[in-house]
Visitor: 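The structure is given below, and queries will be raised subsequently.
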Amino acid sequence: MSRRAADAPVAAMLGRSRDGEVELLTWEDDVTENPQVGDTEVWELHNLTGDAHPIHIHETLFEVVNRKALDIEASPGGQLPPLVGAARPPEPWETGYKDTVIAYPGEVTRIRARFATAGQYVWHCHILEHEDNEMMRPYRIGPVQRGQPT
């Protein structure tokens with residue numbers, strides 16, 4: 001949080017969940033998402049913030065599977081909140097393949113992506129101020145290739 005502006009973040013960060021613990025990661029942290037060439041994965045984007053984030057994933061197209069509410073109030077800090085209620089289908093305009101999806105506040109957004117091209121890419125929030133302040137992460141499809149950071 002900012003020391004100059006009340007309730008203003010210094011950085012908006014992406015991360016991952018490990019055994020229910022939220023782990024926030026910076027751009028410099030090691031690659032944590034590493035699908036293999038040809039893999040199809042369902043990614044769950046848990047939005048624990050009060051903002052909607054347009055999440056863009058480079059070098060793949062994906063389908064929006066569904067969304068489900070998170071009980072943010074029931075979760076202690078640093079823990080992944082429990083899911084509540086029934087999953088809802090994608091919005092009518094979200095059918096077909098996408099490269100960006102809105103991750104709404106207080107929800108988990110599930111997407112199904114096929115990873116076809118080996119290499120190192122990024123996934124990030126498409127809000128420029130977020131992208132420039134740590135809400136961008138590298139990911140790799142397949143093995144490390146010469147010249148790629150690890």
Visitor: Can you find a heavy atom in the side chain of Thr26 that is under 4.5 Å from one in the side chain of Met13?
Guide: yes
Visitor: Using modelled atom types and a 3.5 Å cut-off, is there a donor and acceptor pairing between side-chain atoms of Thr60 and backbone atoms of Arg114?
Guide: yes
Visitor: Can you tell me how far the CD atom of Glu107 sits from the CG atom of Leu83, to the nearest 0.5 Å?
Guide: 10.5 Å
Visitor: Surrounding CD of Gln145 (heavy atoms of other residues, nucleotides or ligands, distance under 6.0 Å), is the total greater than 12?
Guide: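 It does: Gln145 CD has more than 12 such atoms within range.
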Visitor: For the residue pair Asn34 and Arg140, confirm or rule out a side-chain donor-acceptor distance under 3.5 Å.
Guide: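 There is no such pair between these side chains.
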Visitor: Can you measure from CE (Met136) to NE2 (His56) and round to the nearest 0.5 angstrom?
Guide: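 Atom-to-atom, Met136:CE and His56:NE2 are 9.0 Å apart.
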Visitor: Between the side chains of His124 and His130, is a donor N or O closer than 3.5 angstrom to an acceptor N or O?
Guide: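 No, no side-chain donor-acceptor pair sits under 3.5 Å.
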Visitor: Apply ring-ring contact (aromatic ring centres under 6.0 Å, His included) to the pair Tyr139 and Trp43, showing each step before the final yes or no.
Guide: CA-CA 13 Å; Tyr139 84 96; Trp43 284 18; 5.8 Å; yes
Visitor: Between Val22 and Leu80, what is the shortest heavy-atom contact and its length?
Guide: CG2-N, 3.8 Å
Visitor: Testing Arg110, Glu94, Glu44 for side chain to side chain contact (heavy atoms under 4.5 Å, CB included) with Val65, which one passes?
Guide: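 With Val65 as partner, Arg110, Glu94, Glu44 yield a single side chain to side chain contact (heavy atoms under 4.5 Å, CB included), made by Arg110.
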Visitor: Can you tell me how far the OG1 atom of Thr109 sits from the NZ atom of Lys68, to the nearest 0.5 Å?
Guide: 13.5 Å
Visitor: Hey, is the main chain of Ala103 close enough, under 3.5 Å, to the side chain of Asn47 for a donor-acceptor pair?
Guide: yes
Visitor: Other than Ile102, which residues form its hydrophobic cluster under the rule that side-chain heavy atoms must be closer than 4.5 Å?
Guide: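 Taking Ile, Leu, Val, Met, Phe, Trp and Tyr as members, Ile102 shares its hydrophobic cluster with Trp93, Tyr104.
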Visitor: For Arg88, does the CZ atom have more than 12 heavy-atom neighbours from other residues, nucleotides or ligands under 6.0 Å away?
Guide: yes
Visitor: Passes side chain to side chain contact (heavy atoms under 4.5 Å, CB included), Glu134 versus Asp29? Steps please.
Guide: CA-CA 11 Å; Glu134 295 295 337; Asp29 288 322; over 6 Å; no
